[in-house]
Amino acid sequence: MFEHYEVFARVGESTDIVQKEMYDFEDRGGRRLALRPEGTGSVVRAFVEHRPTTPWKVWYVAPNFRAESPQAGRYRQHHQVGVEAVGTMDPDLDVEVIALLDAFFRALGLRRYRLLLNSLGDPESRATYLDVLRRFLEAHSDELSAQSRQTLALNPLRVLDSKRKEDVQVIANAPRMIEHLSAEAGAHFDRVQSGLHAVGVAYEIAPLLVRGLDYYTRTTFEFVADSLGSAQNAIGGGGRYDLLAEQMGGPPTPGIGFGSGIERTLLACDAEGVFPAPSSTVDAFVVDVVDGTHALALTSELRSAGVRADRAFDQRSMKAQMKQADRSGAALTLIVGEQEVADRTVTLRRMADAVQETVPREKVVEVVRQGLPS
Ligand code: HAM
């Protein structure tokens, strides 16, 4: 959850994620720490520190912290499931990583999403493009927002990320990275596209997709859910970061990965209705109108047998306890009164149709287990 501040200072010099949204503080030992805003920086820091054999393929599920303005689908603490694959430049790895995230969404049952794909080029093509882009944006700086004019000085690419009205018009006519790829970066991008085609993953080229972190090179991608509002519709994204290990003081080592927001993915699942909400959280409810000791023993036995069980407390009346049983949504209610105690039985009531049967006390847990849908 914590990371050295410097790790992110490097990966996000010109990004909102690091400059404006990162929580950082000094710990008791005077170290500057950050609450981790994302996972890739930490994974690459660990790679540089421990130098595992490559290709090194790892995954994580972790909380991330960003001081954004909270709204539906955008939180100050969110969780990501992510993968990183470090150590090869092979475009087939890009295909593997992208196809994995696509398969994950498909396996969840999601259908209404699209894969946006772009290439940010290699250092050589990037330098040429940045020059062209900077010149274009400077020529239109009067039309840009004040924020974008500032961003332009730091990193003209970031301007393409702006959603501000005045910027959008300028951006629409801006030169595109994919028109300025070097022969090598172009060939890489072609191979990624033919690979995606070969494994049956549909994509759209999105020349303005720049992503919110500075480390990206070559392939970048984002999965957007059409069922969510456009400001928070990215359910996962990632790309190559071929220079990052070296920037962190390690040997030059390319890498690619993705992070997918768990909360947003679940919102998309809800919007598409892909998993039914559980109808209840309890299978069996115990009503004890004697003294509570039977409820204590029975719930404990039921839970040990794997039955989700609950009970009433405070020795309330039969009527009040039955009302609670009804509200719990349990399929079965176990009733223990004076008569049942005397007979060493339990009355079992099927809540759906109020049919009751009397079962010997020592058999009741087994009968309940069998009576529940498996
Ligand atoms: P990211 O695009 O900043 O990339 O975040 C990845 C995903 O996390 C987003 O697509 C979104 O689903 C979710 N997410 C981000 N911020 C929030 C938020 N405030 N509330 C809810 N969900 C959010 C990264 O973090 C990169 N580390 C991904 C990567 C891995 N690139 C290469 N490897």
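Atoms within each ligand, like the ligands themselves, are counted from 1 in listed order. Predicted model only: the values in this text are computed from it and were never measured.
Using modelled atom types, no side-chain atom of Asp314 and backbone atom of Arg316 make a donor-acceptor pair closer than 3.5 Å. Formation of a donor-acceptor pair under 3.5 Å by the Asp343 side chain with backbone atoms of Thr345 is not found in this model.
Sorted by chain and number, the heavy-atom contacts of ligand 1 below 4.0 Å come from Ile17, Glu38, Thr40, Tyr60, Arg66, Glu68, Gly73, Arg74, Tyr75, His78, Gln80, Glu84, Arg211, Leu213, Tyr215, Tyr216, Ala234, Ile235, Gly236, Gly237, Gly238, Gly239, Tyr241, Gly257, Phe258, Gly259, Gly261, Arg264.
Inspection of the Glu84 and Tyr60 side chains reveals an N or O donor paired with an N or O acceptor under 3.5 Å.
With sequence neighbours excluded, the residues satisfying side-chain hydrogen bond (donor to acceptor under 3.5 Å, both in side chains) with Arg361 are Glu301.
Classified by interplanar angle (parallel below 30°, tilted 30° to 60°, perpendicular above 60°), the ring pair Tyr23/Phe65 is perpendicular.
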For this session: Starting from the C-alpha separation in whole Å, work towards a yes-or-no answer on ring pair (Phe, Tyr, Trp, His ring centres under 6.0 Å) for Phe223 and Phe105.
Result: CA-CA 9 Å; Phe223 284 83; Phe105 292 141; 5.4 Å; yes
